[in-house]
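We name chains A, B, ... by the order of the sequence lines, and we start the count at 1 in each one. Since the model is a prediction, treat every value here as computed from it, not as a measurement.
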Amino acid sequence: MSDPMEQFKVIFFEECSDLLISLEEGLMQLQAGDCDEEVVHSVFRAVHSIKGGAGAFGFDRLVSFAHIQETLLDDIRSGALEVEQAYMTVLLQAFDILSELVGAAQRDEEVADDFGGDVAKAMKAILDQTGVPLAEKNATKKPDIETDTAEKNARLFRILFKPYAELFQRANEPILLIRELGTLGDLTVALDVSDVPDIEEMEAEHAYFSWDFSLITEYDEAAIREVFEFVEDDCDLQITDHGVYLSPEAFVEDAQAGLFEDIEDEPDASPDVLKPRKAVKPAKSGEAVVSQSIRVELDKVDTLVNMVGELVITQAMLREQGGELLVEQYPNLVQGIEDLSRHIRDLQDCVMAIRAQPVKSVFSRMPRLVRELTASLGKKARLVMSGEDTEVDKTVTERIGDPLMHMIRNSVDHGLEMPDVRAKAGKSEEGVINLSAFHRGGRIFIEIADDGAGINKKIVLEKAIANGLVSPDANLSDEEINNLIFMPGFSTAESVTNVSGRGVGMDVVRKNIQSLGGRISIRSEEGKGSKFTMSLPLTLAVMDGMVVDIGPEKYILPLVNIIQTLRPGKEDVNSLPDGRNVMMFRGEYILLVPLYDLYHIDNAIENPCEGLVVVVEGDGGVLMGFIVDDLVNQQQVVIKSLEANYALVEGVSGATILGNGRVSLIVDISTIQDMSANQLRKFQSASPETNKISPQAQISSEIH
Amino acid sequence: MTSYAMVNSDDEISLTLKTIMDLTEAENLRLTFLDCLTKKKPLKILAGEVERITTPCLQILFSLKNWADYHNIDFSIVDMPQAFKTALDDIGLEEYLAPLEQRT
């Protein structure tokens with residue numbers, strides 16, 4: 001990135017993203033009735049900061065809109081306006097517009113002239129209710145000193161401002177700061193040019209000017225500090241409150257009235273214009289907050305993750321080789337390999353933690369979605385979120401946004417009833433959607449639960465039969481009927497709307513989640529609501545796997561899916577008429593899946609009673625028994641994308657490199673489940689597969 | 001980075017400032033000025049096209065003015081647009097640079 005301004009813009013938009021999240025959180029708190037001063041302040045600061053940054057880059061539309069919003073929030077902050085529900089609606093709409101304007105600025109897109117005009121008008125109307133129209137409000141931001149003097153509200157501040165070079169490098173500009181400072185009151189600017197060197201010696205990006213401002217204002221020191229909030233770490237800033245400002249005339253009047261008996265002398269004060277009523281508050285120097293975080297380009301983190309991944313593979317090789325060494329003969333070497341393994345594991349955890357992000361960044365988009373949907377559908381709904389700080393790999397957060405939005409949309413559109421229907425059913429007119437996230441068993445779970453009508457199983461089954469998705473004589477369990485909504489082309493919507501009803505959705509949702517190594521399940525009770533549960537891996541870069549032998553090849557089974565490993569007796573295994581085998585496990589029959597057959601592996605053990613059965617849990621809690629030759633070991637594996645490095649292979653979610661340097665494929669449990677349920681018979685009844693070769697053998701032959 | 005339009009006549013050098021004079025232009029401007037200084041001729045800065053000028057460039061202009069004073073070289077800024085003047089006023093630099101203005 002050669003243009004430094006572009007770098008600053010990137011940082012600005014990253015900050016905008018954080019600020020918008022913070023802004024929406026604050027607005028949601030205000031809407032929920034939490035009018036805590038700090039909440040109001042944080043909301044104001046978010047808009048103020050966006051406006052400040054936008055001004056530096058000349059995003060005029062963004063600045064002008066944010067200015068109205070900021071003014072409204074300032075009135076709320078100052079107590080001139082009470083937070084009312086009507087205002088909240090406008091403020092939330094304003095948030096939406098602000099988000100769009102930030103997005104448009106980021107994408108360098110033009111926005112229509114009237115975009116957001118109605119919301120801006122609504123905000124101005126609220127401001128006008130406070131008695132001072134916005135235009136006048138702006139005009140009167142510089143207080144009339146005579147009036148102030150008469151009212152004795154104005155104070156004199158002295159502000160010493162010396163920028164560092166970093167201030168320019170972060171795209172901040174003293175001129176803009178000075179202009180903003182000028183809006184607070186009557187500003188006198190004294191420029192110090194004493195540090196400016198000869199032009200031959202100058203460094204163009206260095207800061208040589210410094211300023212000594214005098215500001216007569218009704219605002220407090222905090223307001224002045226806010227002007228410099230972007231640059232506090234990039235300058236020397238001293239703000240000194242010289243107390244109440246009095247014009248010479250007022251001073252004389254007050255002196256005659258004997259009002260200065262308790263005054264402490266202020267040596268720096270100019271006697272002709274100033275007599276403080278209080279001791280001068282010391283400047284808050286040295287208060288700069290040390291930043292606890294830094295921004296790092298994602299590419300750099302990914303490079304680090306990849307390098308650690310390679311380190312893990314190398315360590316696995318060393319460990320495999322070292323396992324053959326005699327401890328007595330090489331005690332230090334064996335101990336060193338053990339220590340290395342432990343440290344690399346810790347290092348990997350640390351590196352993966354860098355990529356971890358709270359799901360808040362995804363959740364934060366949902367309140368707006370619910371607002372828009374309820375408004376367009378005439379429904380009432382409240383979104384309750386919890387566990388937003390639950391962390392998961394950035395890749396996962398980036399890819400769960402769309403599935404999550406789709407499910408929320410479905411909950412509002414299909415799940416929640418219209419207010420009158422809910423009232424008749426004895427429910428509150430306002431439906432509740434709970435969106436929660438939590439960690440369990442090394443995975444992240446995200447649940448979307450609504451208290452709506454639940455899935456009408458009769459209608460779902462009728463539609464599925466009508467669409468030819470199931471046969472009319474099918475005898476499906478409740479769970480199987482619920483899962484029909486994940487079938488391609490399934491929709492119960494009576495009409496196609498812009499919200500949903502095109503029958504493209506839940507199958508895509510499931511596929512997206514599966515592509516992340518996740519699973520989705522549904523529980524629904526008619527009249528009471530539905531709950532969708534997504535289970536996702538915390539990271540897509542590494543996983544704990546079980547290495548298994550299937551014939552001459554080694555495959556990886558995700559450890560999280562494994563329930564138990566056993567060798568069944570002959571009496572436990574039964575054959576079905578279609579040729580498939582089932583096994584009794586914990587009182588139920590589970591399907592035995594011949595992986596050797598699905599992967600076309602020769603010389604594998606086919607009889608489960610001679611090999612082993614690994615019982616795994618598939619989607620929807622369905623148990624299956626994978627027939628393998630033997631277990632090799634359990635280890636952490638670095639996942640390499642097969643799609644990116646080779647090609648998509650059905651039944652395989654990725655690959656890894658084992659300690660012996662060989663490629664090993666990772667079994668995709670979900671796909672195997674589908675293949676077993678729908679295609680196994682086809683696989684088994686196919687003509688002798690003399691030409692087929694296992695994917696692992698093929699990949700290995702192409703690599704080596 | 002494009003160079004500045006500079007006319008080096010027998011009796012003076014005139015240099016036209018760009019529309020946007022911000023941080024990204026500062027070093028280029030300084031180097032261009034240094035090039036002008038070697039000629040030791042009266043210097044005219046044509047500012048008529050400036051729409052935005054920020055502190056880094058104003059620092060360099062100020063330093064150039066000091067150099068011209070020290071070497072007794074005529075230095076003027078021609079046709080300062082309002083944005084230029086406002087920037088000088090805001091920053092507190094008008095007392096140093098505004099008197100150098102020439103109108104055409």
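Within a 6.0 Å sphere centred on CD of Glu109(A), other residues, nucleotides and ligands contribute more than 12 heavy atoms. Within 6.0 Å of the CD atom in Glu101(B), the count of heavy atoms belonging to other residues, nucleotides or ligands exceeds 12. Within a 6.0 Å radius of CG in Asp113(A), no more than 12 heavy atoms belonging to other residues, nucleotides or ligands are found.
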*So Trp67(B) and Asp198(A), side chain to side chain contact (heavy atoms under 4.5 Å, CB included) or not? Walk me through it.*
CA-CA 7 Å; Trp67(B) 183 91; Asp198(A) 290 344; 5.9 Å; no
Working for side chain to side chain contact (heavy atoms under 4.5 Å, CB included), residues Leu191(A) and Glu95(B): CA-CA 10 Å; Leu191(A) 174 65; Glu95(B) 65 174 294; over 6 Å; no
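In this structure, the side chain of Glu200(A) does not engage the main chain of Leu34(B) through any donor-acceptor pair within 3.5 Å.
Rounding to the nearest 0.5 Å gives a distance of 11.0 Å between CG of Asn172(A) and OG1 of Thr55(B). Atom CD of Glu201(A) sits about 9.5 Å away from atom CZ of Arg30(B), to the nearest 0.5 Å. Atom CZ of Phe33(B) and atom CE of Met202(A) lie 10.5 Å apart (nearest 0.5 Å). Residue Tyr70(B) holds its OH atom at 15.5 Å from CD1 of Ile199(A), rounded to the nearest 0.5 Å. Note that the OH atom of Tyr208(A) and the CZ atom of Phe62(B) stand 13.0 Å from one another [nearest 0.5 Å]. Atoms CD and CG, on Glu173(A) and Leu23(B) in that order, are 9.0 Å from each other to the nearest 0.5 Å.
Looking at Leu93(B), both its backbone and its side chain come within 4.5 Å of chain A, counting heavy atoms on both sides. Heavy-atom distances place the backbone of Ile53(B), and not its side chain, under 4.5 Å from chain A. The parts of Ile175(A) that come within reach of chain B are both its backbone and its side chain, each placing non-hydrogen atoms under 4.5 angstrom from that chain. Both the backbone and the side chain of Ile91(B) have a heavy atom closer than 4.5 Å to some heavy atom of chain A. For Pro197(A), the part sitting under 4.5 Å from any heavy atom of chain B is the backbone (N, CA, C, O) and nothing else. The contact between Leu37(B) and chain A is made entirely by side chain atoms (from C-beta outward), counting heavy-atom distances below 4.5 Å.
Taking all atoms of both residues into account, the shortest heavy-atom contact from Phe209(A) to Gln59(B) is N-OE1, 3.0 Å. Of all non-hydrogen atoms in Glu27(B) and Ala204(A), the two that sit nearest each other are OE1-CB, 3.1 Å.
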